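Here's the structure we're looking at; comments come further down.
No hydrogens, no waters, no symmetry mates; every other heavy atom, side chains included, goes into these values. Just so it is clear, the structure is predicted and the values come from calculations on it, not from any experiment. Just so we're on the same page: letters track the sequence lines, and every chain starts at 1.
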Amino acid sequence: MHPITAQRGAMTERPPPVRCVAMAMAALAAALRAWLAAAAPRDAAWREALARCAPPLCSLAALAAQMRAAKRLPWGSSALGAFPDLAERLWRKQRGAAEALLEQLGSRRAELRTVRDAVGAAGAAVVRLYEERAAELGLEVVLRRGPRCPSLADALEGLQDVERYYRRLYLEIKLFLFRISCDSLADMETLPQSWERILERYKGHVVQDTLLKISLFVDNQRELCSSAGS
Amino acid sequence: MAAKSPGDGTPRRPVLPASARKIKDNAADWHNLMMKWERLNDNGFTTANKIVNIKISEQFQDNKMEIACDNPGSEKPAPKYSEELDNCCEELLETLKHMTKIQLKMEKLTSTTKAICDLEAFHHRAGNCTAPIFHTWPTPYFYEVSLKLSEMYKKELQLKQTIVQEIAHSADQDLMMVYLSSWLYQPYIENSSKLLLEAMLLETRHRRC
């Protein structure tokens, strides 16, 4: 997403007619309302995909503990020495189980990517609309806040915050999942703790705060237009 | 050998010869036995997991007592009887008994299929044709598949017998974890077993393409 831009020289020119401002503001409010309607279910889908990552990660950690135990075991001196090919067969089955769990995590990653892309596209569409109508609005209107209403700039900044949140967290999760390997069982055993650390870093309420901010804007943006003419 | 259609023209399934009927029933039995085995395997894993947790917990308690006594040279306390452990061992033995019955039934299915092949071979010598009974599988292939599956489960049962005998007597945590893992992942039941079963069900028309 590009930084928010406004037409230069708007402050020195005559302010646009009130009717133009109201129409532009209404268009942007409609776009933000549509963004809002889609954002809440997308965030719910994101949270669900994150929650569904935890069980396969715990299973992988348990599996890693089993695989490490099998590597440490002196097979010949136990009762299992009567099964000479058991170690290799068990390893193959455990690898198969690990791959099945990694496939599940791959599906979760795809769900997260879908949300990231949808949020990015929706936010970009709103910002594009703003850039087309910026001249009609004027910088003063864009930056104006009301008693109960954040400014349009605040709302658009919120869109960028949300997009950045999903983009960065997705990238961390993608790298985290790509690094999981049966060749490093010690790391595999600590997957749940590593996962919690990632979620902890992104614990903030960026999305909820932005939804609230945009919802306040959409509900109260008319008061910004009525004070524009005064 | 097709039955006559009723007056409304509804197509009927062809009536199979007796040996084909038997092979079809055997395929269904294989499916049911393998499903029952999987359920028993899950139950057995839950019980074996409990046994291992009790053993680890007992070891932890023993270590704590040893530290509390602060007398490393003194005798270790005698292991206490655990009713819970005893019950779990009984449960696991019971599960193993059921699995043994299933494996014996699998051997029976294999020997029945062998008998059908021998009968067909006898008729072939008498000059009768040996076209596939269903789609493409020659009759001896049903025996080959049954034997393969039966051998997998026989070997797996031997492993499970060893695990049941040893798991409650082991003190090594790595060994206990390997017992659990071996029980759960069934190393002697190859991944191809599911494919063989599905192929058999498809061939005998239990499944539609």
Side-chain angles (χ1 to χ4, degrees), chain A residues 52 54-107 180-194, chain B residues 34 37-38 41-42 44-46 48-53 55-56 59-60 89 92-93 96 103 148-149 151-195:
Chain A
R52 286 172 69 192
L57 288 170
C58 289
S59 297
L60 277 169
L63 189 51
Q66 291 169 35
M67 290 166 97
R68 288 181 90 191
K71 278 192 160 181
R72 285 192 295 260
L73 190 71
W75 288 82
S77 57
S78 72
L80 297 176
F83 303 91
D85 56 347
L86 178 57
E88 192 220 324
R89 282 176 169 270
L90 183 60
W91 177 255
R92 259 192 274 132
K93 283 279 186 137
Q94 286 168 337
R95 285 291 296 241
E99 273 157 30
L101 290 166
L102 287 171
E103 243 183 77
Q104 282 181 36
L105 288 168
S107 302
I180 299 173
S181 163
C182 288
D183 297 330
S184 49
L185 293 174
D187 292 337
M188 214 159 107
E189 241 184 296
T190 59
L191 283 174
Q193 295 87 325
S194 307
Chain B
M34 284 167 75
W37 177 283
E38 287 308 310
N41 193 56
D42 291 342
F45 177 73
T46 305
N49 203 15
K50 273 190 212 162
I51 291 173
V52 168
N53 286 339
K55 296 280 300 177
I56 291 174
Q59 279 177 5
F60 179 68
C89 291
L92 195 60
L93 272 166
L96 184 70
Q103 195 275 323
K148 224 179 257 186
L149 289 172
E151 288 297 306
M152 285 184 206
Y153 281 89
K154 184 176 175 180
K155 196 78 185 161
E156 185 60 39
L157 187 67
Q158 286 169 356
L159 174 61
K160 283 182 167 12
Q161 279 164 348
T162 303
I163 294 171
V164 168
Q165 281 161 13
E166 299 291 329
I167 193 167
H169 304 290
S170 175
D172 183 331
Q173 289 194 17
D174 284 345
L175 184 55
M176 284 194 279
M177 200 167 282
V178 168
Y179 285 146
L180 278 182
S181 199
S182 300
W183 183 284
L184 180 64
Y185 290 114
Q186 305 191 97
Y188 288 100
I189 299 179
E190 287 160 31
N191 294 339
S192 60
S193 62
K194 288 193 181 65
L195 200 59

Which answer fits B:Gln165, side chain, backbone, both or neither, if we ask what part of it has an atom under 4.5 Å from a heavy atom of chain A?
neither
Smallest separation among heavy atoms of B:Leu159 and A:Phe83, with atom names
CA-CZ, 3.6 Å
Separation of A:Leu86 CG from B:Ser182 OG (nearest 0.5 Å)
4.5 Å
Chain B contact via A:Ala82 - side chain, backbone, both or neither, heavy atoms under 4.5 Å:
neither
Nearest-0.5 Å distance, OH of residue B:Tyr179 to CG of residue A:Leu73:
8.0 Å
Here the pair of heavy atoms bringing A:Gln94 nearest to B:Ser181 is NE2-OG, 2.7 Å
Separation of B:Asp172 CG from A:Ser77 OG (nearest 0.5 Å):
8.5 Å
Which answer fits A:Trp75, side chain, backbone, both or neither, if we ask what part of it has an atom under 4.5 Å from a heavy atom of chain B?
side chain
Answer with side chain, backbone, both or neither: which region of B:Leu180 has an atom nearer than 4.5 Å to a non-hydrogen atom of chain A?
neither
List the steps and the verdict of side-chain contact (heavy atoms from CB on, under 4.5 Å) for A:Lys93 and B:Asn191.
CA-CA 9 Å; A:Lys93 283 279 186 137; B:Asn191 294 339; 3.7 Å; yes
Here's a test for you: under side-chain contact (heavy atoms from CB on, under 4.5 Å), which of B:Gln186, B:Lys155, B:Glu190 qualifies with A:Arg89?
B:Glu190
Okay, B:Thr162 and chain A: the region with an atom under 4.5 Å from a heavy atom over there is side chain
Should the heavy atoms of other residues, nucleotides or ligands under 6.0 Å from CD of A:Glu103 be counted, would the total exceed 12?
no
Which one of A:Ala79, A:Ala70, A:Ser78 has the most heavy-atom pairs closer than 4.5 Å to chain B?
A:Ala79
Here the gap from A:Arg72 atom CZ to B:Met177 atom CE, rounded to the nearest 0.5 Å, amounts to 7.5 Å
